[in-house]
Each structure stands twice: as structure tokens, then as C-alpha cells.
Amino acid sequence: MSQVFALIDANSFYCSCERVFDPRLNNRPVIVLSNNDGCAVARTPEAKALGIDMGAPFFKIRELCKKENVAVFSSNYTLYGDMSARSNQVYKMFTPDIEVYSIDESFLDFSGFQTRDLAVYGRELRQTVKQWTGLPTCVGIAPTKTLAKLANWTAKHVPDMQGVCDMTDRRKREALMRVIPVSEVWGVGRASTAKLNNMGVKTVWDLAELDPALGRQVLTVVGERLIHELRGTMCIALEQEAPLRKGCAVTRMFGHRITERDEIMEPMSFFAARLAEKLRKYDLGTNSITAFFHSSPHDAGPYHYEQGTVSFPEVTNDSSVLIRAVRRVVEAKYKRGVKYFKGGVMSMDLVGVEKAQRVLFDSLEAPQSESLMTAMDKINRKYGRGALKHATTGTQVKKGWSTQFNYKSPSYTTRMEELPKARA
DNA sequence: TCTGGGGTCCTAGGACCC
DNA sequence: TCTGGGGTCCTAGGACCC
């Protein structure tokens, strides 16, 4: 039995979540901003029509938004995460085998369902999701994940498909692949598009017809795999179990140029504390932490990039330990006179905490560390992030480098105080 | 010291994705 | 062109070992 995958994703997911709880937004252009209200990461078709590009910096489009009555929202991850979980519950009624690929995309295994009309099944799926969550979606169906992605793209861009594109039929598939630009293939970005176009590979079909060995030369094994996937041979399997994440980072612009060492300490310590929180949330620990801070490449004068790594004798996710390490890096690498504008911390060698090797003696962490961290996370979950924190991470409420969420909608589905109100 | 032919680990950088 | 803040995978090159 051959494989069949469906890729379902929500249209302008973040914007659609906002619309579900405020129908007045339905015919208005809506955008949702990235972390820190930096740039537009989700736009409804009405917003796209105004010329607002993916990733457009908010400060550049602020006036346009005001003039055109664009509804602007900060990212409300609590809401989107909950809506995502609800959607996946619905998907599981249509097949038990699903891979949650991102917050708004899931692959569904439809293998063995070929006895039915898959396009009809896809439309049923769409309708059920719409009815139960309020979210509009598109569905692409094909023998490989890469082709399912492509089918999904087609479903979005060809109006008379009614949101569902079934590409399991080879002939139908070929006709579409001959007219879709190669840049729309999953995994083909700007650089690869340029290389391929130079070789005369313009459409998806051209790429599928390319000699895999040549594909490997130009785009490494990733390119070779892509060619096989486009030909209908599965190379990328469904991954139902999310693998443990390998790295974790907290990075941010400082909000203004910083020249004093003590002033850098505060955001950097804060980043370390956030990283530790993230690790604890996922039951992960780390053997090392890397801290970096740098000037702006656009400022006059030479560019400075300072970086340092501290290794630990045992796996840890203790805020105090990580903060101390980061402060040591700043002490050692800071240069007087440089205008630093961005910094961050990261750990790239994460391990699950149960599996962690413990050192018997000379433990880095104070004996009560674990219960202290647990208590701290609990309090912060209840009273909001930053309710309880290390003194070194700053005592003022708002800083340039603290994340901005100035346009956030209520957590409609996860906080009793913020439930939507209905009048009957 | 150089010759041969492996192997591993680590880091940096490129490319892509959401 | 960069603007944000995360992630993943792949390759090349250096250090080191046998």
C-alpha cells in the first residue's frame, strides 16, 4: 500500500485566532506582530493587499496601519497554542497518525484511505475544523510530505479548489507542477532558487526531472532528497514523537546602545534566567552556556562581536548557575567604548534531565536548588512572569530589552478572568 | 620530518523554515 | 535590504589520534 500524506494548516493562523473571538475583525485587515512587537508575521489577505509584507518592521508600517484601519495585535501565544491543540484534537478524529509540524501545520497519515475520495474527505476535515474551532484551513494531499506541502500551496492559491487539493493522481500532479515556480518547493529558498534558475530549472517539474546526482552537487543531500520526494518516493517520514530539542536560545536587541559593563549585565542576566526557565519547562538541562553581545553592523566604526562559553561539570538548569556563568563571560569579554546593541545566551547541547549525569561531589547547585527553582516557576506561572526573580536580572518593570506586547488580545480560552462575554 | 589513509570531534558558516 | 526571535540540517576545515 502506498503512502498518502495530508498537510493541513490554518490560513493566516494568528490572525484567524483573533478573528474567532472578535467577529468584528472579519472584513478588516488584521496583522499580528512578532515577539517584542518587532514586525508583522501574520497578515490577512486584506492586509496583504495593502502591501504589508511578511516580516515588515512595525515602525515602518505604523502610519499605514492607522490610515487604513488595520487591526494590530501582539503575539498571544497562550491563545494560539490552545487553538492549535484544539485543532489537533479534531485532526485525530480523521486519522490517529499525525505529526504536529508547527503551531499551525500538521501532517496527517492518510495511507490506506484510498478507497474513499480523498478530496471529499479533506473537505469534511476542513468543515469540521471550521465548525468546531472557527478556524479556516487548507488541505493538501499527496504521496510524500514535500508534495503534500505543494498541494497545500495549490489549495491556497487556486480558488476553485475550495481549500483542498488532492495531488495523488500522477497526471494531475504533473500538470500543476509544470506551472508552479520552483521557489515554492518546501526547502528551496532564495539562494537555491537563484542557483536552480541559472541552470534553467524554473518550475517544480523541472526540478523533479533533474538528475538526482546533479541535484546533490548543487543543493547537497537535501536537494537530492527533494527530487526523489517530488517524484513521489518518500524520503521524509512522519514523525509522531517530537524529538527532544537540541538547542535553546534567548536573544534580543537591547532597545538602545549600551556602553557600560554594568548596564550590559542586567539584560544578559535576564536572558540567562529566561533560558533556565525554558530548560526547566521542558525538563532539559545543559552542560554549557554561550553568551554573546555585539555592536550594530550598521553603526559607524568597527563591528564588535564578543562571545564566550562556560562549561559545567554537571548538567544544570539552575538560574543562579547560568546567570553566574553569563556574568563571567561579560566580565571577560566586555570592551570599553563599544556601543553594544544586541545580545543573547544559548545552550546547544541539551539533555533530558532524568538522563543527566550527576556529579557526586562538589555539586554546583546549592542543595535546595531544585525545590527553590520549582517554587520560583510555580509563583511565576501564577502571578505572571517576573513576579519573582533574581536580583541581578533587574528591578525595574520595563526596559528596552524586556519583551513588548503592547497590543495583546485577552487569553480568551485559558484564563477565567478573560473569558469572552456573550449576550443572548 | 614526511610519507598514506583512515577516523573522530569541534567550530563556523550557509541555507532554510516558522 | 533590513527589520525579530527562535529553531534545524549540512558542509568544510582544523586539531588530533592511530
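Below, all heavy atoms of this structure are taken into account, side chains as well, without hydrogens, waters or symmetry copies. Throughout, a chain's letter reflects where its sequence line sits, starting with A, and its residues are numbered from 1.
Contacts between residues 180-190 of chain A and DNA chain B, defined by a heavy-atom separation under 4.0 Å, are made by A:V185, A:W186, A:G187, A:V188, A:G189, A:R190. In the region residues 133-153 of chain A, proximity to DNA chain C at under 4.0 angstrom, judged on heavy atoms, holds for none of the residues. Non-hydrogen atoms lying under 4.0 Å from DNA chain B are contributed by nothing in residues 215-243 of chain A.
Shown here are the ring-ring contact (aromatic ring centres under 6.0 Å, His included) partners of A:F13, two or more places apart in sequence or in another chain: there are none. In this structure A:Y101 satisfies the ring-ring contact (aromatic ring centres under 6.0 Å, His included) test together with A:F107, A:W186, sequence neighbours excluded. When the side-chain hydrogen bond (donor to acceptor under 3.5 Å, both in side chains) test is applied to A:Y14, no partner is found at least two apart in sequence or on another chain. Take A:W205 and apply the ring-ring contact (aromatic ring centres under 6.0 Å, His included) test, not counting sequence neighbours, and it matches no residue.
A:K278 comes within 4.0 angstrom of sugar-phosphate atoms only, judged by non-hydrogen atoms across all strands, and of no base. Within 4.0 Å of A:F58, counting heavy atoms only, lies no atom of the nucleic acid at all. A:V41 comes within contact range of at least one nucleobase, with a heavy-atom separation under 4.0 Å. Contacts of A:K246 with the nucleic acid, taken as non-hydrogen atoms under 4.0 Å apart, involve only primed sugar atoms and P, OP1 or OP2.
Read 5' to 3', the first and last nucleotides of DNA chain C with an atom closer than 4.0 Å to a heavy atom of chain A are C:dC2 to C:dT11.
Note on residues 214-244 of chain A: no pairs pass ring pair (Phe, Tyr, Trp, His ring centres under 6.0 Å), not counting sequence neighbours. Applying the side-chain hydrogen bond (donor to acceptor under 3.5 Å, both in side chains) test to residues at least two apart or on different chains, none of the pairs has a partner in residues 122-143 of chain A. The side-chain hydrogen bond (donor to acceptor under 3.5 Å, both in side chains) contacts involving residues 55-66 of chain A comprise A:R62-A:Y407, where partners must be two or more places apart or lie in separate chains.
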Nucleotide pairing, DNA chain B (Watson-Crick or G-U, distances under 3.5 Å), in dot-bracket with [ ] and |: ....||||||||||||||

